[in-house]
There are 2 protein chains.
Amino acid sequence: MVGTKTEGVMRLRPDDASALTDRVPAVDADASAHVVPHPARNLATGTLGKAFDVLDVIALSPKPLRFTDLLGLVDQPRGTLHRQVSNLIEEGVVLVNADGSYAPGLRLLKWAARAWSQNSFRIIAEPHVRQLHEATGETVHLGVLSGLEVIYVDKLETNQAVRMHSQVGNASPLYCTGIGKAMLALLDADQCAQRIQQFSYQRHTQATLYTPELLLAEIETIRTQGVAHDREEHEPGIRCVAAGIDGQDTGTIAGVSVTAPSYRIAEDALLRWEILVRETARSIEADMKAKMGPRSHE
Amino acid sequence: MVGTKTEGVMRLRPDDASALTDRVPAVDADASAHVVPHPARNLATGTLGKAFDVLDVIALSPKPLRFTDLLGLVDQPRGTLHRQVSNLIEEGVVLVNADGSYAPGLRLLKWAARAWSQNSFRIIAEPHVRQLHEATGETVHLGVLSGLEVIYVDKLETNQAVRMHSQVGNASPLYCTGIGKAMLALLDADQCAQRIQQFSYQRHTQATLYTPELLLAEIETIRTQGVAHDREEHEPGIRCVAAGIDGQDTGTIAGVSVTAPSYRIAEDALLRWEILVRETARSIEADMKAKMGPRSHE
DNA sequence: AATTGAGTTCCATATAATGGAACAAAATGA
DNA sequence: TCATTTTGTTCCATTATATGGAACTCAATT
């Protein structure tokens, strides 16, 4: 019986990419960085795949899209696209704004609330993540590999703020985040290489590893060290230490990390984190083995 | 409508209530919902509708379902259902647990995070909701009408607890919640009557209005008073005062509420809340009118 | 070894999605 | 103001896709 005592609680926050606080200047001052399409899209197989493809474009677009905008982003004839969107609207997963632009619908919230609260990996990992948070006193993330991205499923913030935010459900690229790189290092050569090819690299900061070569070398290092560092590669001024979690026969690949602003991190803290984060990852793996068992198929 | 008891251990929530009592409401496999936007479920139109129907059953089930369980809940032949589920899995919206049971997938989180953060109604309502929270010092909910349910899109809790929880995305029935009843009172006679017929009533508490007649009378009262009361009709010991929000030509029907445990509510507070909640609803409506404009099409 | 139950695959058929083109409705602009 | 373009919507013969009954595999049970 895995996770019989779920806390049906999900916290969402507006997409504020900053891993840390609101004081981060946000690199995306230049809109051009954001305009870049949607990196991790499925190759639409079947009717369902195509519909989700459209939903993806609508949901993941940084700006509201109207019909013609969509038409430019999705490779579909007008009539077809129109019907696909109509269906999505009728199903409540897409809604139409006042100006005719589309947005993802609230029906998705309901599904997601369940997806989060029922997720057995997250449930198993939670106590370990909390322990890491208490041990370090810094922000801790828990993320899961999904395609070319890491999807965050939990976050414990250094609670200095009055309100506690979370960015559950937000996604980041693999190549410029600690958890992302740690997960890549866990994949077998093929899987890893394949993804490294597919990324559409962007220099989020000066330190971003923005070529397959740089990334491959980094991942080699991560493999030997067992931890990954994000040295302000995603957000300026933000560092993190992460470790990958290999779900083995459960099929889950995930990661944990500790994050903090660079100026606050002492050398010895960094070392201590490496150990703690690695231990946390190992504990979670052990717990998964004990509580989840092998996956039956696929 | 939710355990605001901060003791953190015995938190009961709509979702996991069934984890304890195994009466299993068994996913309302009822009904012939037609005209309503996206009804609870059923009458799957097109391939997409059928797929979402399956997803709904998987996501909304109180207990993990394996293939044969699903087969009993969805009206589809084996071969068909198998392919539908396979497609959902391939698309990442359904995942397979270790024991072969299905669960909603994490891809939904990403969509939902966007749906929430982009939702213009929620954005407009937020400052008003926060103001109400500050004025009352009690838990405040913001919910939107979706089919036969209210989906909560925001929640400000009385922050006595260390961790702040939210149940964004959770859904509750219309007939036994303050916001739900307030929204019903806002609908035109047809829409209202239609839903009142479709509900599958359950006596959540002693006070639950569990027949169409009781409910209709209540709604009449709500119409004249402009506020709805939840007198421990959903959760024992929990009361709330709610007001409906009529989005007019935006098509949105929503509601706000103030919630607290019965023992803590003084008579004068109740009166004060009625006024504050109603004012909040009116302010949100005004803001919507100003900032959203009419919807272009159905 | 025989039997049941759960899950998966196959494939002729029916059904639903497709997409080009014609149509309607706003927005533009001269 | 009316013509013109842009944007969104509908139609329908064609084609691709989903359908579902049946046969099959693989474990558990007896």
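Convention: sequence-line order gives letters A, B, ...; per-chain numbering from 1.
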Main-chain N/O of [Y] paired to [X] side chain as donor or acceptor, under 3.5 Å:
{"X": "Tyr201(B)", "Y": "Ile196(B)", "result": "yes"}
{"X": "Ser117(B)", "Y": "Ala113(B)", "result": "yes"}
{"X": "Arg195(B)", "Y": "Gly147(B)", "result": "yes"}

For dA18(D) and Thr80(B) - does any side-chain N or O of the residue sit under 4.0 Å from the phosphate oxygens OP1/OP2?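 Result: no.
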Has Gln76(A) got a side-chain N or O lying under 4.0 Å from the OP1 or OP2 atom of dG19(C)?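 Checking dG19(C) against Gln76(A), a side-chain N or O does come within under 4.0 Å of OP1 or OP2.
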When you match Leu48(A) and Thr68(A) each to their closest nucleotide on DNA chain D, which lands nearer the 5' end?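 Its nearest nucleotide lies further toward 5', so the answer is Thr68(A).
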Rounded to whole angstroms, how far apart are [atom1] on [X] and [atom2] on [N]?
{"X": "Glu91(B)", "N": "dA18(D)", "atom1": "CD", "atom2": "C1'", "answer": "15 Å"}
{"X": "Asp75(A)", "N": "dA17(C)", "atom1": "CG", "atom2": "C1'", "answer": "16 Å"}
{"X": "Glu90(B)", "N": "dT8(C)", "atom1": "CD", "atom2": "P", "answer": "14 Å"}
{"X": "Leu81(A)", "N": "dG20(C)", "atom1": "CG", "atom2": "C1'", "answer": "15 Å"}
{"X": "Arg66(A)", "N": "dT9(D)", "atom1": "CZ", "atom2": "C1'", "answer": "15 Å"}
{"X": "His82(B)", "N": "dA18(D)", "atom1": "NE2", "atom2": "P", "answer": "15 Å"}
{"X": "Phe67(A)", "N": "dA26(C)", "atom1": "CZ", "atom2": "C1'", "answer": "15 Å"}
{"X": "Asn87(B)", "N": "dT8(C)", "atom1": "CG", "atom2": "P", "answer": "13 Å"}

Which word best sums up how the rings of His82(A) and Phe67(A) line up, parallel for under 30°, tilted for 30 to 60°, or perpendicular for over 60°?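 Aromatic pair His82(A)/Phe67(A) classed perpendicular.
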Scan Arg83(A) against the nucleic acid and name what it touches under 4.0 Å (heavy atoms): base, sugar-phosphate only, or nothing.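 Arg83(A): base contact, heavy atoms under 4.0 Å.
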Of the nucleotides [options], which one has an atom closest to the side chain of [X]?
{"X": "Lys50(A)", "options": "dT18(C), dG7(C), dT9(D)", "answer": "dT18(C)"}
{"X": "Gln84(B)", "options": "dG7(C), dT19(D), dT9(D)", "answer": "dT19(D)"}
{"X": "Pro77(A)", "options": "dT9(D), dT8(C), dG20(C)", "answer": "dG20(C)"}

Contact between Leu48(B) and Thr47(A) at the side-chain level, heavy atoms closer than 4.5 Å - yes or no?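 When only atoms from C-beta onward are counted, Thr47(A) and Leu48(B) do not touch, as no gap falls below 4.5 Å.
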Starting at the 5' end of DNA chain C and moving along, which residue's nearest nucleotide shows up first, Arg78(A) or Thr47(A)?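 That would be Thr47(A).
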